[in-house]
Undergrad: 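I have a structure I would like to understand better, so I am pasting it below and will then ask my questions one at a time.
Please read all numbers here as calculations on a predicted model, not as lab measurements.
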Amino acid sequence: MMDEVIAEFIRRTLLKCSLVQIMPLLKAWGFLTDRQLETLTMRGKERLIQQILQFCEEVPASGDHAAALDLVYEETEFFDMADFKRQFKKKLKSVANVTVHFKEFDNAQWIRIAWGTHSKRPNQYIPTFVVYHSQTPYVFITGLRSSCRVYLCQALVIATKYSQIQEMELSSRCLDSLKQIVFKQYHQSFQTHSSKPFKETKAAPEPVDPRVTYENKNEKERIQNWTKEVFGEGPQPKLEFAQYKLETMFRDPSDNDTLSHKEDPFRCVVKFSSPHLLESLKLLAPSGIAEAPLSQLLTCIPSKARNHFKIGEKRIVPSMAIPGS
């Protein structure tokens with residue numbers, strides 16, 4: 001007889017699937033015979049699962065079989081694009097006056113949304129574009145107005161069957177570069193230089209003849225190695241900017257300046273921009289414009305998948321004394 005724990009595990013795994021998803025799962029599992037699969041009746045999920053458990057009882061199914069079913073469930077893609085389109089369009093039209101069009105391109109679903117109001121038709125000249133790769137937790141959006149953001153987020157959460165949606169602090173005009181970063185298609189030795197600092201090199205001796213230029217080959221080699229280690233050998237993803245918002249308090253050791261008593265923090269924004277920012281950062285040290293290594297706030301952009309940063313001071317949590325200790 002099949003162990004009750006194994007039977008319950010198989011039942012719960014099957015319950016996680018919709019009725020139409022169970023048959024593809026069973027075929028991928030390969031435990032039931034073709035004849036057994038043909039005799040299954042697709043009339044209600046509970047009834048179907050009971051039939052499956054009866055077949056599993058005959059062999060009976062072991063713990064290895066149950067584990068194999070779980071692996072197949074995790075690996076099998078059950079995403080229904082037709083259902084995604086239907087749910088997305090239904091939810092969006094229920095809360096806003098819109099026109100929605102879908103087109104499959106480059107293994108992704110492109111969605112064009114024209115927004116209107118209750119009194120105005122959708123404006124086809126200012127659309128929002130959404131690019132969604134099924135079975136991934138990422139959506140790329142452009143042209144979205146703040147007033148329409150909540151409607152789009154609600155529709156995406158319902159259609160994708162995720163529990164929540166969170167905005168990434170990553171933006172660019174190049175969709176391919178965004179995909180390279182978030183899908184980890186960009187090869188980079190991320191920040192390994194922090195664990196093994198470079199050796200300091202001695203200063204080059206002054207040349208005897210002022211007309212002779214001494215080139216520090218060791219320093220040049222050190223910079224080349226650091227650049228290769230941090231940025232890799234291939235081309236960089238194309239990002240146009242990186243923005244840093246800084247918030248800090250003013251401190252005056254002499255305590256004579258009136259600014260030291262200011263309760264509100266100082267705030268500023270620093271923005272680095274370039275037609276190809278990461279490639280520009282890669283060339284800073286080799287060109288002699290900056291010293292290596294660069295700050296990790298600049299080199300961590302691809303690994304953290306963000307180019308918007310908020311920098312604040314570390315908050316010191318006050319320690320609490322335990323009475324009697």
Undergrad: Indicate yes or no: at least one non-hydrogen side-chain atom of Leu40 is less than 4.5 angstrom from one of Leu26.
TA: yes

Undergrad: Side chains of Phe241 and Leu239, heavy atoms from C-beta outward: is any pair under 4.5 Å?
TA: no

Undergrad: If we only count heavy atoms from C-beta on, is the Lys103 to Arg112 side-chain gap below 4.5 Å?
TA: no

Undergrad: Hey, is CD on Gln224 packed in by over 12 heavy atoms from elsewhere, all under 6.0 Å?
TA: yes

Undergrad: Which is it for Glu169 and Lys304 under the salt bridge (Lys or Arg N to Asp or Glu O under 4.0 Å) test, yes or no, and what are the steps along the way?
TA: CA-CA 10 Å; Glu169 295 180 303; Lys304 292 186 178 295; over 6 Å; no

Undergrad: Can a donor-acceptor pair be found, under 3.5 Å and without considering hydrogens, that links the side chain of Ser177 to the backbone of Lys238?
TA: yes

Undergrad: Flag the pair Lys161 / Asp83 as yes when at least one side-chain heavy-atom distance between them is below 4.5 Å, and no otherwise.
TA: yes

Undergrad: Tell me, do Leu69 and Phe31 make a side-chain contact under 4.5 Å, heavy atoms counted?
TA: no

Undergrad: What heavy-atom pair brings Phe102 and Gln109 nearest, and what distance separates the two atoms?
TA: CB-OE1, 3.3 Å

Undergrad: Sub-3.5 Å donor-acceptor pair from the side chain of Asn123 to the main-chain atoms of Tyr125, do we have one?
TA: yes

Undergrad: Just by modelled atom types, is the Phe129 backbone N or O under 3.5 Å from a matching donor or acceptor in the Thr142 side chain?
TA: no

Undergrad: Leu48 and Thr41: which non-hydrogen atoms are nearest, and at how many Å?
TA: CD1-O, 3.7 Å

Undergrad: Is a salt bridge present between Lys27 and Asp34, judged by a nitrogen-to-oxygen distance below 4.0 Å?
TA: no

Undergrad: Tell me, do Lys245 and Ile311 make a side-chain contact under 4.5 Å, heavy atoms counted?
TA: no

Undergrad: I would like to know whether Leu14 and Ile49 meet side-chain contact (heavy atoms from CB on, under 4.5 Å); could you show each step before the answer?
TA: CA-CA 7 Å; Leu14 295 173; Ile49 292 176; 3.9 Å; yes

Undergrad: Is it the case that more than 12 heavy atoms not belonging to Phe140 sit under 6.0 Å from its CZ atom?
TA: yes

Undergrad: In this structure, would Leu283 and Val230 fall into the same cluster of hydrophobic residues linked by side-chain contacts under 4.5 Å?
TA: no

Undergrad: Could you state whether Phe9 and Ile6 fall into the same hydrophobic cluster, counting links through intermediate Ile, Leu, Val, Met, Phe, Trp or Tyr residues with side-chain heavy atoms under 4.5 angstrom apart?
TA: no

Undergrad: Take atom NZ of Lys90 as the centre, draw a 6.0 Å sphere, and report whether it contains more than 12 heavy atoms from other residues, nucleotides or ligands.
TA: no

Undergrad: Write down the atom of Ala155, the atom of Leu92, and the distance for their closest heavy-atom approach.
TA: CB-CD1, 3.9 Å

Undergrad: Within the distance-only criterion (no hydrogens, no angle test), does the side chain of Glu8 pair as donor or acceptor with the backbone N or O of Val5 below 3.5 angstrom?
TA: no

Undergrad: Using modelled atom types and a 3.5 Å cut-off, is there a donor and acceptor pairing between side-chain atoms of Asn307 and backbone atoms of Ala242?
TA: no

Undergrad: Could you please spell out the steps behind the salt bridge (Lys or Arg N to Asp or Glu O under 4.0 Å) verdict for Glu233 and Lys228?
TA: CA-CA 6 Å; Glu233 295 181 327; Lys228 180 180 178 181; 3.0 Å; yes

Undergrad: Taking atom CG of Asp106 as the centre, does the number of heavy atoms from other residues, nucleotides or ligands within less than 6.0 Å exceed 12?
TA: yes

Undergrad: Do Ile289 and Val270 share a hydrophobic cluster (ILVMFWY, side-chain heavy atoms under 4.5 Å, transitive)?
TA: yes

Undergrad: Might you work through the side-chain contact (heavy atoms from CB on, under 4.5 Å) test for Trp29 and Leu25, ending with a clear yes or no?
TA: CA-CA 6 Å; Trp29 185 26; Leu25 176 65; 5.5 Å; no

Undergrad: Which is it for Tyr244 and His308 under the ring pair (Phe, Tyr, Trp, His ring centres under 6.0 Å) test, yes or no, and what are the steps along the way?
TA: CA-CA 6 Å; Tyr244 301 84; His308 296 258; 9.6 Å; no

Undergrad: Without hydrogens or angle criteria, can the side chains of Gln243 and Arg306 be said to hold a donor-acceptor pair below 3.5 Å?
TA: no

Undergrad: With distance as the sole criterion, is a donor-acceptor pair present between the side chains of Ser274 and Glu240 under 3.5 Å?
TA: no

Undergrad: Look at atom NZ of Lys85 and say whether more than 12 heavy atoms of other residues, nucleotides or ligands are closer to it than 6.0 Å.
TA: yes

Undergrad: Are any side-chain N or O atoms of Lys45 and backbone N or O atoms of Cys17, one a donor and one an acceptor, separated by less than 3.5 Å?
TA: yes

Undergrad: Out of curiosity, Leu15 CG to Ile10 CD1, how far, rounded to the nearest 0.5 Å?
TA: 12.0 Å

Undergrad: Just by modelled atom types, is the Lys282 backbone N or O under 3.5 Å from a matching donor or acceptor in the Gln236 side chain?
TA: no

Undergrad: Could you pull out the closest heavy-atom pair between Phe88 and Leu152, with the gap in Å?
TA: CZ-CD1, 3.6 Å

Undergrad: Measure the shortest side-chain to side-chain distance between Phe309 and Cys300 over non-hydrogen atoms and say whether it is less than 4.5 angstrom.
TA: yes

Undergrad: Measuring only between side-chain heavy atoms, which start at C-beta, is Leu277 closer than 4.5 Å to Phe272?
TA: yes

Undergrad: Is the number of heavy atoms from other residues, nucleotides or ligands under 6.0 Å of Lys93 NZ greater than 12?
TA: yes

Undergrad: Taking it one step at a time, do Tyr132 and Phe84 satisfy ring pair (Phe, Tyr, Trp, His ring centres under 6.0 Å)?
TA: CA-CA 11 Å; Tyr132 176 56; Phe84 169 83; 5.1 Å; yes

Undergrad: Is a side-chain donor or acceptor of Arg222 paired with a backbone partner of Ala292 at a separation under 3.5 angstrom?
TA: yes

